[in-house]
Amino acid sequence: QVQLVESGGGLVQAGGSLRLTCVASGTSGGRFRLNAMNWHRQTPGKSRELIAGVSSGGETNYADSAKGRFTITRDSAKNTVSLQMNSLKPEDTAVYYCEADGTHYSDWGDIQVFRAWGQGTQVTVSA
């Protein structure tokens with residue numbers, strides 16, 4: 001119904017910056033409305049960690065590890081969410097995932113609540 005595609009990961013030196021972007025699009029016709037859009041990250045052997053989120057109204061929240069360094073922004077008209085990451089540290093190395101929840105309205109009247117994840121993008125910060 002709805003897919004999320006991330007871009008912008010890569011290799012950067014400590015202290016550098018990266019910007020991740022996630023675009024949501026429909027895959028089966030109809031239309032959808034997004035509620036919260038979030039960024040998570042995961043390193044091998046650890047559970048996925050919520051890093052930043054933005055509500056449909058624009059309210060943001062951050063993990064302590066991201067406060068002051070990361071900024072999440074959202075363009076609801078384009079169904080995109082971005083994560084600007086500054087002052088990156090080696091411990092920020094992880095696979096970053098975009099996640100969103102919302103409601104899908106099919107062309108024939110079905111209404112379905114969904115939660116979608118992107119495929120992940122690798123961020124590597126070298127010391």
Side-chain angles (χ1 to χ4, degrees):
Q1 295 175 329
V2 177
Q3 68 174 6
L4 304 179
V5 178
E6 301 112 334
S7 61
L11 173 64
V12 65
Q13 289 187 329
S17 298
L18 281 175
R19 184 177 181 85
L20 307 181
T21 298
C22 171
V23 181
S25 61
T27 62
S28 56
R31 59 185 179 87
F32 61 92
R33 183 184 68 185
L34 297 172
N35 296 328
M37 300 186 78
N38 304 302
W39 285 97
H40 303 250
R41 69 185 183 189
Q42 188 170 24
T43 55
K46 292 187 178 181
S47 57
R48 201 166 288 189
E49 174 189 19
L50 175 63
I51 292 298
V54 56
S55 71
S56 57
E59 296 152 342
T60 60
N61 61 86
Y62 297 92
D64 287 343
S65 58
K67 287 179 182 177
R69 299 187 300 126
F70 295 0
T71 303
I72 188 170
T73 56
R74 175 175 183 162
D75 185 336
S76 295
K78 297 181 178 179
N79 293 320
T80 63
V81 63
S82 296
L83 186 68
Q84 177 67 41
M85 303 186 294
N86 299 327
S87 303
L88 283 162
K89 306 174 182 179
E91 50 263 46
D92 294 318
T93 296
V95 178
Y96 284 70
Y97 296 90
C98 176
E99 174 257 324
D101 67 87
T103 306
H104 182 269
Y105 306 85
S106 74
D107 290 331
W108 49 90
D110 288 347
I111 300 173
Q112 190 166 7
V113 174
F114 68 86
R115 188 184 189 197
W117 289 86
Q119 80 286 357
T121 185
Q122 177 70 46
V123 171
T124 303
V125 184
S126 62

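Note that the structure is a prediction, hence the values are computed from the model and not measured.
- No side-chain heavy atom of F70 sits less than 4.5 Å from a side-chain heavy atom of I72.
- Cluster note: Y97 groups with V95, W117 through ILVMFWY side-chain heavy atoms spaced under 4.5 Å, whether in direct contact or through intervening members.
- Remark: D75 CG to M37 CE distance equals 10.0 Å, nearest 0.5 Å.
- Counting only residues at least two apart or in different chains, salt bridge (charged side-chain N to carboxylate O under 4.0 Å, His left out) contacts with residues 51-65 comprise D64-K67.
- Without hydrogens or angle criteria, Y62 side chain to R69 main chain gives no donor-acceptor distance under 3.5 Å.
- The two atoms that bring G102 and N35 nearest to each other are CA-ND2, 3.7 Å, heavy atoms only.
- Listed by first and then second residue, the disulfide bond (SG atoms under 2.5 Å apart) pairs that reach into residues 24-54 come to none, sequence neighbours excluded.
- For the atom pair OG of S65 and CG of D92, the computed distance is 7.0 Å after rounding to the nearest 0.5 Å.
- Within the model, atoms CG of L18 and CD of Q84 stand 8.5 Å from one another, a figure rounded to the nearest 0.5 Å.
- In this structure, the side chains of V123 and L20 come closer than 4.5 Å at one or more pairs of heavy atoms.
- Between Q112 and V2 the shortest side-chain heavy-atom distance does not fall below 4.5 Å.
- A donor-acceptor contact shorter than 3.5 Å links the side chain of E6 to the backbone of G120.
- Environment of CD in E91: crowded, with over 12 heavy atoms of neighbouring residues, nucleotides or ligands closer than 6.0 Å.
- I51 and V12 fall within the same hydrophobic cluster, where Ile, Leu, Val, Met, Phe, Trp and Tyr residues are linked whenever their side-chain heavy atoms come under 4.5 Å apart, directly or through other members.
- Between the side chains of N86 and S17, a donor-acceptor pair is found at a separation under 3.5 Å.
- Judged by distance alone, the side chain of T27 and the main-chain N or O of Q1 form a donor-acceptor pair under 3.5 Å.
- Remark: the R74 side chain and the S76 side chain contain an N/O donor-acceptor pair separated by less than 3.5 Å.
- Of all non-hydrogen atoms in L83 and A52, the two that sit nearest each other are CD1-CB, 4.0 Å.
- The shortest non-hydrogen separation linking N38 to G53 is OD1-CA, 3.1 Å.
- Although no hydrogens or angles enter the test, the distance criterion places no donor-acceptor pair under 3.5 Å between the side chain of D101 and the main chain of F114.
- Screening residues 95-127 for disulfide bond (SG atoms under 2.5 Å apart) gives C22-C98 as the qualifying pairs, with residues at least two apart or on separate chains.
- Residues satisfying the side chain to side chain donor-acceptor pair (under 3.5 Å) criterion with H104, sequence neighbours excluded, are absent altogether.
- Considering every non-hydrogen atom in both A94 and T43, the closest pair reads CB-CG2, 3.6 Å.
- Taking T124 as the reference, L11, T93, Q122 meet the side chain to side chain contact (heavy atoms under 4.5 Å, CB included) condition, with sequence neighbours excluded.
- Separation of atoms CZ (R41) and CZ (R48) is listed at 13.5 Å; rounding is to 0.5 Å.
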